S.K.: 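One structure, as structure tokens, below. Some questions next.
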Amino acid sequence: MSPIDRLIIEFDTALRSVVGGANAQRSTPGSEHNSKSVLDAQERKHAAGLMRVNHVGEVCAQALYQSQKLVARNPQIQEMLSHSGQEEMDHLAWCETRLQELGSHTSYLNPFWYAGSFAIGLAAGLAGDKWSLGFVAETEKQVENHLESHLEKLPQEDHRSRAIVEQMRVDEIEHGQAALQAGGAVLPEPIQKMMQIMSKVMTSTAYKI
């Protein structure tokens, strides 16, 4: 593809991440379960809040993978980031679909989440491939922890949301391991702590807005 073709594709990915309409290459997990599972109003609202948080996480993931891929030095690392990014696009589409089924919406702050994550990913990428990959690995580890907590918090009867979150968790573990195997460095503890603080701000905000 020409540079213009790649630019158009990346712009389309960014647009779909922010405003919706993401396309998944894999079928949505939990499709065998009834989308109208018996949830009361409070359970539906709570499930939607958690799935909105997960959707925001995938918006951020798209921004991170796009920016880091842009400045990656190694073509193999670019390919790895591209593959992981496509699976994250599946997650984005799954969460968006589930939010629609729950009668809710994606975060109104998605443009802000995307822009901030793109800048962070660009900075990580410019620091060098080993730090960029280390950032991916640490991000995926923290996302895995969030998803595990959501499996505990989601209503037991919400089988579709739970199936989506479980498959996302499996994929995130694989992405983190791939980043480490590709040469990712373990980030200094202060950076890990800072990422955790930023994540808490994002999740608490996205749950409501």
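The shown structure was predicted, so the numbers you read here are calculated from the model rather than taken from an experiment. Along the sequence shown, residues are numbered consecutively beginning with 1.
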S.K.: Just verifying a value: how many Å separate E172 CD and H146 NE2, rounded to the nearest 0.5 Å?
M.R.: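 Interatomic distance, E172 CD to H146 NE2, rounded to 0.5 Å: 11.5 Å.
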S.K.: When hydrophobic residues are tied together by side-chain contacts of less than 4.5 Å, even through go-betweens, does L39 share a cluster with I164?
M.R.: yes
S.K.: Decide yes or no on side-chain hydrogen bond (donor to acceptor under 3.5 Å, both in side chains) for Q142 and E138, but give the supporting numbers first.
M.R.: CA-CA 6 Å; Q142 294 190 21; E138 180 60 29; 2.9 Å; yes
S.K.: Do L147 and V136 belong together in a cluster built from hydrophobic side chains that touch within less than 4.5 Å?
M.R.: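 Different clusters: L147 never reaches V136 through Ile, Leu, Val, Met, Phe, Trp or Tyr contacts under 4.5 Å.
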S.K.: Sequence neighbours left out, what passes side chain to side chain contact (heavy atoms under 4.5 Å, CB included) with Q76? Give chain and number order.
M.R.: N74
S.K.: What residues, two or more places apart in sequence or in another chain, satisfy salt bridge (charged side-chain N to carboxylate O under 4.0 Å, His left out) together with D129?
M.R.: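 Partners of D129 under the salt bridge (charged side-chain N to carboxylate O under 4.0 Å, His left out) test: none.
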S.K.: Report the distance from atom CD1 of I191 to atom CD of Q196, rounding to the nearest 0.5 Å.
M.R.: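 The CD atom of Q196 is 12.5 Å from CD1 of I191, to the nearest 0.5 Å.
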S.K.: Do we see a donor-acceptor contact under 3.5 Å between the side chains of R98 and S161?
M.R.: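 A pair is found: one side chain offers a donor N or O, the other an acceptor, under 3.5 Å apart.
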S.K.: Is there a continuous path of hydrophobic side-chain contacts, each under 4.5 Å between heavy atoms, that joins L92 to Y65?
M.R.: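 Looking at the clustering, Y65 is in a separate group from L92.
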S.K.: I need the E101 CD to E96 CD distance, nearest 0.5 Å.
M.R.: 11.5 Å
S.K.: Pairs of donor and acceptor atoms involving the side chains of residues 201-209, under 3.5 Å and at least two apart or interchain, shall be tabulated with distances.
M.R.:
{"residue": "T203", "atom": "OG1", "partner": "S199", "partner atom": "O", "Å": "3.1"}
{"residue": "T203", "atom": "OG1", "partner": "K200", "partner atom": "O", "Å": "3.1"}
{"residue": "S204", "atom": "OG", "partner": "K200", "partner atom": "O", "Å": "2.9"}
{"residue": "S204", "atom": "OG", "partner": "V201", "partner atom": "O", "Å": "3.1"}
{"residue": "T205", "atom": "OG1", "partner": "V201", "partner atom": "O", "Å": "2.8"}
{"residue": "Y207", "atom": "OH", "partner": "H46", "partner atom": "ND1", "Å": "2.7"}

S.K.: Please report the shortest heavy-atom distance between S67 and S117, naming the atom on each side.
M.R.: OG-O, 4.3 Å
S.K.: List the steps, then state whether side chain to side chain contact (heavy atoms under 4.5 Å, CB included) holds for F118 with Q68.
M.R.: CA-CA 8 Å; F118 192 93; Q68 290 175 277; over 6 Å; no
S.K.: side-chain hydrogen bond (donor to acceptor under 3.5 Å, both in side chains) for H55 and E58? Distances and angles first, verdict last.
M.R.: CA-CA 5 Å; H55 184 270; E58 298 308 323; over 6 Å; no
S.K.: Between I173 and E140, is any pair of side-chain heavy atoms under 4.5 Å apart?
M.R.: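 With C-beta onward as the side chain, the pair stays apart.
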S.K.: With a 4.5 Å cut-off on side-chain heavy atoms, are L64 and L81 touching?
M.R.: no
S.K.: Return yes when atom CE of M198 has more than 12 non-hydrogen atoms of other residues, nucleotides or ligands closer than 6.0 Å, and no otherwise.
M.R.: no
S.K.: Name the residue from D158, L154, V165, L151 that meets the side chain to side chain contact (heavy atoms under 4.5 Å, CB included) definition with L50.
M.R.: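 In the set D158, L154, V165, L151, the residue that makes a side chain to side chain contact (heavy atoms under 4.5 Å, CB included) with L50 is L154.
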S.K.: Go through H83 and Q86 one step at a time and tell me if the side chain to side chain contact (heavy atoms under 4.5 Å, CB included) criterion holds.
M.R.: CA-CA 5 Å; H83 173 75; Q86 179 53 58; 5.9 Å; no
S.K.: At their closest point, which heavy atom of S82 faces which heavy atom of K69, and how far apart are they?
M.R.: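 That would be CB-CD, 4.0 Å.
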S.K.: Any chain of hydrophobic side-chain contacts (each under 4.5 Å) joining V59 to I120?
M.R.: no
S.K.: Angle class for the H91/H175 ring planes (parallel below 30°, perpendicular above 60°, tilted otherwise)?
M.R.: parallel
S.K.: Could you give the distance from CZ (F135) to CE (M195), rounded to the nearest 0.5 Å?
M.R.: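 If we round to the nearest 0.5 Å, F135:CZ and M195:CE are 4.0 Å apart.
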S.K.: Listed by chain and number, what are the side-chain hydrogen bond (donor to acceptor under 3.5 Å, both in side chains) partners of E144, not counting sequence neighbours?
M.R.: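 With sequence neighbours excluded, E144 shows a side-chain hydrogen bond (donor to acceptor under 3.5 Å, both in side chains) to no residue whatsoever.
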S.K.: Quick check: do Y114 and C60 have side-chain heavy atoms less than 4.5 Å from each other?
M.R.: no
S.K.: Do M51 and S104 have side chains that approach each other closer than 4.5 Å (heavy atoms only, starting at C-beta)?
M.R.: no
S.K.: In terms of side-chain heavy atoms, does R52 have a donor or acceptor partner in T106 at a distance below 3.5 Å?
M.R.: no
S.K.: Mind checking the CD1-CD spacing from I197 to Q192? Nearest 0.5 Å is all I need.
M.R.: 12.5 Å
S.K.: Using 4.0 Å as the upper bound for N to carboxylate O, is an ion pair formed by R26 and D171?
M.R.: yes
S.K.: Same cluster or not: W131 versus V71, using hydrophobic residues (I, L, V, M, F, W, Y) connected whenever any side-chain heavy atoms lie under 4.5 Å apart?
M.R.: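 Looking at the clustering, V71 is in a separate group from W131.
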S.K.: Distance-only criterion, 3.5 Å: show the donor-acceptor pairs between side-chain atoms of residues 176-188 and protein atoms not counting sequence neighbours.
M.R.:
none

S.K.: For R169, what residues pass the salt bridge (charged side-chain N to carboxylate O under 4.0 Å, His left out) criterion, not counting sequence neighbours?
M.R.: E148, E166
